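Working notes, beginning with the structure itself.
All residue numbers in this chain count up from 1 along the given sequence. Only a predicted model underlies this, so the values are computations on that prediction, with no experimental measurement involved. Values below: all heavy atoms of this structure, side chains included; hydrogens, waters and symmetry mates excluded.
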Amino acid sequence: MSDIMTRAVYGGVYVAVLLCGVLFYAQLSYLVFGVMAALGLIEFNKLMTALDVGSSSKNYLSTGMIAYLIFALAGLHYISFVWVATLPLLLLVPFVSSLFNESKNALITGVVGVAGYIYVLLPLMLVHFLYMANGEGKILDFWPVLGMMILTWTSDTFAYLTGKYFGKTKLFERISPKKTWEGVLGGLLFSLAASYVIFLFNEHRSLLFWMVLGLVVPVFGIIGDLFESLIKRSAGEKDSGDLIPGHGGILDRIDAMLFTIPVTFSWIFIFEWIK
């Protein structure tokens with residue numbers, strides 16, 4: 001019971017902080033997702049270091065945070081959005097750094113470093129575009145972000161509960177022994193139910209829009225979960241860190257969202273184009 005209470009309390013704090021970042025846009029939103037990006041990059045690089053392909057932790061984090069800061073300042077209109085054009089150059093810094101790395105894994109270290117920025121940093125930048133993903137490009141709307149998070153959390157929670165009590169058929173035992181097909185189905189069904197409830201509160205987007213999102217978010221959330229499990233298993237770690245008692249590291253909390261953010265972004269703009 002103590003472990004359950006610990007998970008509940010710290011999980012509640014995590015959700016509350018994230019919801020504040022979502023509902024109260026502008027500076028707070030950029031701050032919350034920026035802190036998540038920084039912590040995620042630290043944990044990712046630490047896992048890669050365990051595999052002997054990690055970058056210099058200070059240089060890796062500082063480059064990623066400079067990129068995010070430029071993006072945030074441009075998004076908040078403190079500097080010209082033209083500065084965003086420099087971000088691809090910053091994200092390629094690990095490639096340049098690998099030229100000065102004399103270890104036998106120098107090439108892999110450079111590739112992995114860039115991959116880490118794409119995996120962790122890019123989705124947490126991309127999430128800010130969802131606020132304007134309403135077909136008009138000007139009016140800020142938190143529903144795409146909030147809806148994506150609700151669907152991600154719903155599918156993840158009920159996949160766990162369904163798998164725990166009814167799961168028999170293993171999904172991907174080599175990577176995540178506890179996941180089952182029954183859990184996947186349970187998460188999917190509850191995600192669809194949540195999609196309908198979200199539609200009731202956000203009727204200016206069609207039921208079709210939310211139901212399709214309710215289908216694709218659980219699928220990509222599971223893929224994101226499995227991918228992070230693969231990273232941890234390869235590095236010989238149970239959790240990505242110990243930041244959140246009872247939950248592990250920040251990557252353990254956002255692994256699904258790192259995949260559901262891009263798919264939500266893609267679906268929104270595809271839907272706006274085809275409707």
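Among all heavy-atom pairs drawn from Gly116 and Phe44, the shortest one is CA-CE2, 3.2 Å. Looking at every heavy atom in both residues, Ile268 comes nearest to Pro144 through CD1-CB, 3.6 Å. Met36 and Leu124 make their closest contact through C-CD1, 3.9 Å (heavy atoms, listed as atom of the first residue, atom of the second, distance). Of all non-hydrogen atoms in Gly186 and Phe158, the two that sit nearest each other are O-CB, 4.2 Å. Closest heavy-atom contact between Gly64 and Leu121: O-CD2, 3.6 Å. Nearest heavy-atom pair across Gly21 and Ser29 is O-CB, 3.0 Å.
Hydrophobic cluster of Leu171: the remaining members, joined at side-chain heavy-atom separations below 4.5 Å, are Phe172, Ile175, Trp181, Val184, Ile222, Leu226, Leu230, listed by chain and number. Alongside Leu189, the hydrophobic cluster contains Leu185 (criterion: ILVMFWY side chains under 4.5 Å).
In this view, Ser234 satisfies the side-chain hydrogen bond (donor to acceptor under 3.5 Å, both in side chains) rule with no residue, not counting sequence neighbours. With sequence neighbours excluded, the residues satisfying side-chain hydrogen bond (donor to acceptor under 3.5 Å, both in side chains) with Tyr78 are Gln27. Contacts of Glu102 classified as side-chain hydrogen bond (donor to acceptor under 3.5 Å, both in side chains), with partners at least two apart in sequence or in another chain: none. Evaluation of the ring pair (Phe, Tyr, Trp, His ring centres under 6.0 Å) rule for Phe220 yields no partner, not counting sequence neighbours. Checked against side chain to side chain contact (heavy atoms under 4.5 Å, CB included), Val22 has the following partners two or more places apart in sequence or in another chain: Phe33, Tyr131, Phe142, Val145, Leu146, Met149. Residues passing the ring pair (Phe, Tyr, Trp, His ring centres under 6.0 Å) test with Tyr14, sequence neighbours excluded: none. Partners of Tyr68 according to the ring pair (Phe, Tyr, Trp, His ring centres under 6.0 Å) rule, which considers only residues two or more places apart in sequence or in another chain, do not exist here.
Aromatic ring pairs are classed by plane angle as parallel below 30°, tilted from 30° to 60° and perpendicular above 60°; the pair Tyr119 and Phe227 is perpendicular.
In this structure, the side chain of Asn45 does not engage the main chain of Gly54 through any donor-acceptor pair within 3.5 Å. Checked by atom type and distance alone, the side chain of Tyr117 never pairs as donor or acceptor with a backbone atom of Leu92 at under 3.5 Å. With hydrogens and angles disregarded, no donor-acceptor distance shorter than 3.5 Å links the side chain of Glu182 to the backbone of Thr162. With hydrogens and angles ignored, the 3.5 Å screen pairs a side-chain donor or acceptor of Thr86 with a backbone N or O of Trp83. Judged by distance alone, with hydrogens and angles left aside, the side-chain atoms of Thr49 form no donor-acceptor pair with the main-chain N or O of Asp52 at under 3.5 Å. Put simply, the side chain of Trp267 never gets that close to the backbone of Val217: no donor and acceptor are under 3.5 Å apart. Although no hydrogens or angles enter the test, the distance criterion places no donor-acceptor pair under 3.5 Å between the side chain of Lys179 and the main chain of Lys170.
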Side-chain polar contacts of residues 191-202 - donor-acceptor pairs under 3.5 angstrom, sequence neighbours left out - could you list them?
residue	atom	partner	partner atom	Å
Ser191	OG	Gly214	O	2.8
Ser195	OG	Ser191	O	2.9
Ser195	OG	Trp210	O	3.1
Asn202	OD1	Arg205	NH1	3.4
Asn202	OD1	Trp210	NE1	3.4
Asn202	ND2	His204	ND1	3.1

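The shortest distance between side-chain heavy atoms of Phe100 and Val96 falls below 4.5 Å. Residues Pro262 and Leu126 form a side-chain contact, since some pair of their non-hydrogen atoms from C-beta on lies under 4.5 Å apart.
When ring centroids are compared, Phe129 and Phe71 come within the 6.0 Å threshold.
Taking CG from Leu251 and CG from Leu41, the interatomic distance works out to 8.5 Å, rounded to the nearest 0.5 Å.
Listed by first and then second residue, the salt bridge (Lys or Arg N to Asp or Glu O under 4.0 Å) pairs that reach into residues 156-168 come to none, sequence neighbours excluded. The side chain to side chain donor-acceptor pair (under 3.5 Å) contacts involving residues 252-265 comprise Thr152-Thr260, Lys232-Asp252, Ser240-Asp252, where partners must be two or more places apart or lie in separate chains.
A donor and an acceptor atom, one from each side chain of Asn105 and Ser103, are nowhere located under 3.5 Å apart.
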